[in-house]
Amino acid sequence: MKMIAVIGAGTMGNGIAHVFAQHHFLVHLIDTDKSALEKAISTIEKNADRQIAKGTLTATSKETLLSNITTYTDLNTGIGDADLIIEAATENSVVKKKIFTEMDKYAKPNCILATNTSSISISDLASATQRPSQVIGMHFMNPVPVMKLVEVINSKQTDPLVTKTIVSLTEQLGKIPCVVNDFPGFIANRILMPMINEAIIALSEGVSDASTIDQIMKLGMAHPMGPLQLADYIGLDVCKNILEIMEKGLNNSKYTPANLLVQKVAEGKLGIKTGEGFYKY
């Protein structure tokens, strides 16, 4: 693989573009919003500067990294030569399926279509294409340039050769691929989100305050970040959405979002991105 297209220039999309470009792949970063693309390139530059400060990247490598990325506002133009397309749009199945239909329409026949979804069915997204055996999940962790894990998610129709290719590609990025099967929430969020939800319930019941709950999980369970702080980092709206997907997909009320989480989202207190969630920023 030489050419990678990434659809969506948000936090995950620009991180994925950054990592591929750093490892000498040509990257087409695509978003219909030109300002989002400009912000993405600025973010990639800042993150590369952090890497230089830490000694994990040289100034010359930064220039090469940036030169490997080309931005596009038109999906058709941006994906035609891609060997792999990674969709990193908003966590909404309707939006993603529409993008997958377009990807399938304009991508070359042997191109692999991947999604960075953290919870939506890979099989469902694959049904929007004429190549379901070439559809797979690549769930990167945030921040992408730092985190080693990539959940590689097979649908029931994913060709084993496609899985093998993506596992090998993930290793080329210096990441660690973990292959899982297509169930709501996969593994990472199926375990993480109920923990976050339970921490929110404990907070709402007055068991303790947010900082103490987080401190207990950090000191007692060796978590680098407490569940409430992590929820703020992920985005409370995203947490709520993932829980709802799991509740519906697994038909189990234990995944029902906590009332306090629903309230915070309704108030627009979504975490770091809005300046307030369970903490103020």
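Side chains of Ser119 and Asn189: a donor-acceptor N/O pair is absent below 3.5 angstrom, by distance only. In this structure, a donor-acceptor pair under 3.5 Å is absent between the side chains of Thr43 and Asn14. For the 3.5 Å distance criterion, the side chains of Glu247 and Thr256 qualify, holding a donor opposite an acceptor. Side-chain contact annotation: Ser155 with Thr158, donor-acceptor N/O pair under 3.5 Å present. Inspection of the Thr77 and Asp74 side chains reveals an N or O donor paired with an N or O acceptor under 3.5 Å.
Under the 4.5 Å side-chain criterion, counting only non-hydrogen atoms from C-beta, His18 is in contact with Leu65. Side-chain contact check for Lys156 versus Asn181: every heavy-atom pair is 4.5 Å or farther apart. Side-chain contact between Ser118 and Glu91 is present, with heavy atoms from C-beta onward closer than 4.5 Å. Looking only at side-chain heavy atoms (C-beta outward), Lys98 and Val94 stay at 4.5 Å or farther from each other.
Distance check: Arg190 CZ to Met246 CE gives 8.5 Å after rounding to the nearest 0.5 Å. Of the inter-residue distances, the one linking Leu173 atom CG with Gln22 atom CD reads 9.5 Å to the nearest 0.5 angstrom.
Here Tyr106 is tied into one hydrophobic group with Ile7, Ile30, Tyr72, Leu75, Ile79, Ile85, Val95, Ile99, Phe100, Met103, Leu113, Ile120, Ile122, Leu125, Val135, Ile153, Val180, Phe186, Ile187, Ile191, Ile245, each link being a pair of ILVMFWY side chains closer than 4.5 Å. By the 4.5 Å side-chain criterion applied to Ile, Leu, Val, Met, Phe, Trp and Tyr, Ile216 is assigned to no cluster and stands alone.
Formation of a donor-acceptor pair under 3.5 Å by the Lys269 side chain with backbone atoms of Lys264 is not found in this model. The backbone N or O of Asn92 sits nowhere less than 3.5 Å from a side-chain atom of Thr90 that would complete a donor-acceptor pair.
Looking at Lys240 and Glu244, a side-chain N of the basic residue comes within less than 4.0 Å of a carboxylate O on the acidic one, giving a salt bridge.
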